[in-house]
There are 2 protein chains.
Amino acid sequence: MAEAKAWPPGRIKIADALRVLLETKDFGAITTSEIAKSAGVTEALIYKYFKGKRDLLYQLLSEYLEHYDVQVERDLKGIKGALNKLRKLIWSHINVYATDRVFAKILLLDVRSFSDYYTSETYKLVRKYTEILLEIIQEGIKNQEIRDDIPPVFLRQAILGSIENVCLTRVVFDQKISPDDLTEKLCEFVFKGIEHGASKN
Amino acid sequence: MAEAKAWPPGRIKIADALRVLLETKDFGAITTSEIAKSAGVTEALIYKYFKGKRDLLYQLLSEYLEHYDVQVERDLKGIKGALNKLRKLIWSHINVYATDRVFAKILLLDVRSFSDYYTSETYKLVRKYTEILLEIIQEGIKNQEIRDDIPPVFLRQAILGSIENVCLTRVVFDQKISPDDLTEKLCEFVFKGIEHGASKN
DNA sequence: CATGCTGGGTAAGGATTCCTAACCTGATCT
DNA sequence: AGATCAGGTTAGGAATCCTTACCCAGCATG
């Protein structure tokens with residue numbers, strides 16, 4: 001909430017330490033003592049600033065999400081048309097995963113299995129992002145750019161699923177993510193579907 | 001491998017116990033002692049039959065997958081046309097999640113974050129299933145039913161992602177999954193995309 | 001100046017959890 | 001009768017997450 005840089009040094013060191021560790025290990029394999037050692041503080045300090053190991057992860061993810069939300073808002077400025085906005089949103093989404101591997105891993109792999117994640121403050125930030133996507137879809141339906149015979153919420157889930165799964169496999173197997181290339185293909189798929197015919201330009 | 005029912009009673013009780021526990025708790029919150037108690041055996045017996053807690057989960061998932069693979073193979077028999085097969089496959093996929101909530105939870109939430117999962121025997125079974133999907137897509141491209149300007153492997157990832165994400169949200173928030181309804185919507189999305197126009201029948 | 005208080009940090013320990021090594025026991029084979 | 005073996009148990013240990021109580025520098029206040 002308070003986004004002022006009033007954070008004590010210990011807290012910053014801890015969050016940074018986890019960030020670094022996540023580059024090479026998965027969250028489940030990282031221990032609190034490891035984080036503490038890596039941060040140069042004692043284990044107990046972690047529990048001063050965070051409710052627990054998971055809360056630390058959530059707060060780290062929140063930081064990423066706040067940055068990303070701002071970025072997306074900026075990226076979409078000045079773009080006309082729902083489909084054009086959607087294309088840009090997809091690009092931004094893929095691009096952030098391509099840039100911040102750790103962010104991708106947390107969001108796509110680690111937090112998903114924690115049931116308390118879905119009631120966390122962090123998840124609300126994700127909702128805020130998906131809300132943007134929903135609004136674009138609704139705008140597109142109003143404009144006649146997007147078909148109106150499938151519920152927007154459903155479309156959102158399907159679109160997000162395809163974006164994330166395409167990135168997920170690349171994250172898991174440590175393959176390169178090319179935002180431009182993937183965006184192009186994803187938009188072709190999402191906009192026109194897989195049926196032969198409509199794509200004959 | 002050996003699909004003979006030659007399994008000792010203890011092993012069965014342990015697997016059953018986990019299955020039951022997974023109905024109400026997530027894997028991370030289930031302890032080995034809890035499993036043992038619930039199964040009516042000692043903790044050490046778990047390690048007689050399984051390499052560890054995770055291996056137990058993987059093997060449980062493998063059982064589900066073996067059943068499902070057989071089911072899918074059956075479901076697809078006698079269907080002509082790649083798109084018709086794909087529709088049926090999507091239905092089967094959604095249907096199994098609708099039927100076996102525990103299976104869905106394991107596959108969509110629990111195992112994904114374990115990095116050793118992706119090198120496990122269990123994951124090979126998943127590959128076997130996704131291979132079927134790939135073959136359908138390739139058949140469709142050959143037939144001219146499916147567009148040929150997006151790589152089949154990419155299409156598979158995108159399609160699977162949309163299926164799974166649609167189900168995932170329902171699994172997470174304990175909402176009902178209606179195979180018929182979701183299949184209809186998903187096929188509309190996957191076949192024709194979101195653009196307005198092509199859907200004017 | 002003493003006093004108290006507050007924010008940042010530490011020391012020490014405890015319950016739980018996952019897992020292992022060694023042992024037991026009844027059945028089957030020879 | 002002795003050996004072997006599958007199915008199971010007893011007992012324990014290292015590691016992990018987390019809590020409680022404590023330390024101490026700075027600094028505002030009377």
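Just so it is clear, the model here is predicted, and its values are computed rather than measured. Numbers restart at 1 for each chain; the letters A, B, ... are given by sequence-line order, proteins then strands.
Within the nucleic acid shown, B/Ile14 has no heavy atom closer than 4.0 Å to any nucleic acid atom. Nucleic acid contact class of A/Thr31 (heavy atoms, under 4.0 Å, all strands): sugar-phosphate only.
Running 5' to 3' along DNA chain D, contacts with non-hydrogen atoms of chain B at under 4.0 Å begin and end at D/dG7 to D/dT10.
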For this session: Check the pair B/Glu164 / B/Tyr97 against side chain to side chain donor-acceptor pair (under 3.5 Å), numbers first and verdict last.
Result: CA-CA 9 Å; B/Glu164 304 216 307; B/Tyr97 288 157; 2.8 Å; yes

Exercise. Going through the checks in order, is the side chain to side chain donor-acceptor pair (under 3.5 Å) test met by B/Arg54 and B/Gln59?
Worked result: CA-CA 9 Å; B/Arg54 271 197 205 172; B/Gln59 293 205 33; over 6 Å; no

For this session: Begin with the C-alpha distance, continue with both residues' side-chain angles, and end with the deciding distance and a verdict on side chain to side chain donor-acceptor pair (under 3.5 Å) for B/Trp91 and B/Asp75.
Result: CA-CA 10 Å; B/Trp91 183 89; B/Asp75 282 355; over 6 Å; no

Exercise. How far apart are the C-alpha atoms of A/Thr32 and A/Glu43, what are their side-chain angles, what is the distance that settles it, and do they pass the side chain to side chain donor-acceptor pair (under 3.5 Å) test?
Worked result: CA-CA 6 Å; A/Thr32 48; A/Glu43 231 178 309; 2.8 Å; yes

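In this structure, CG on B/Asn165 lies 12.0 Å from CG on B/Leu160, to the nearest 0.5 angstrom. Expressed to the nearest 0.5 Å, how far CD of B/Glu195 lies from CZ of A/Arg147 amounts to 10.5 Å.
Checking side-chain atoms of B/Thr31 against main-chain N and O of B/Glu34 turns up a donor-acceptor pair under 3.5 Å. Using modelled atom types, one side-chain atom of A/Ser162 and one backbone atom of A/Ala158 make a donor-acceptor pair closer than 3.5 Å.
Pairs passing the salt bridge (Lys or Arg N to Asp or Glu O under 4.0 Å) check and including a residue from residues 79-89 of chain A, sequence neighbours excluded, read A/Lys85-A/Glu139.
A heavy atom closer than 4.0 Å to some atom of DNA chain D occurs in no member of residues 112-120 of chain B. Less than 4.0 Å separates DNA chain C from no heavy atom of any residue of residues 55-64 of chain B. Within a heavy-atom distance below 4.0 Å of DNA chain D, the residues of residues 35-51 of chain B found are B/Val41, B/Thr42, B/Ala44, B/Leu45, B/Lys48, B/Tyr49. For residues 21-28 of chain A, proximity to DNA chain D is found at no residue, defined as any non-hydrogen atom under 4.0 angstrom from a strand atom.
A/Phe191 meets the ring-ring contact (aromatic ring centres under 6.0 Å, His included) test with no other residue; sequence neighbours excluded. A search for ring-ring contact (aromatic ring centres under 6.0 Å, His included) contacts involving A/Tyr123 returns A/Tyr117, A/Tyr118, not counting sequence neighbours. Not a single side chain to side chain donor-acceptor pair (under 3.5 Å) links A/Lys53 to another residue, sequence neighbours left out. Taking A/Gln138 as the reference, nothing meets the side chain to side chain donor-acceptor pair (under 3.5 Å) condition, with sequence neighbours excluded. Residues forming a ring-ring contact (aromatic ring centres under 6.0 Å, His included) with A/Tyr129 (at least two apart in sequence, or on another chain): A/Tyr68, A/His93.
The pair A/Asp16-A/Arg19 meets the salt-bridge criterion, with a side-chain N (NZ, NE, NH1 or NH2) lying under 4.0 Å from an Asp/Glu carboxylate O. Comment: A/Glu188 engages A/Lys192 in a salt bridge, judged by a side-chain N to carboxylate O separation of less than 4.0 angstrom. Using a cut-off of 4.0 Å between Lys/Arg side-chain N and Asp/Glu carboxylate O, B/Asp69 and B/Lys128 are scored as salt-bridged.
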Review item, nucleotides 27-29 of chain C N/O atoms under 3.5 Å of protein N/O:
none

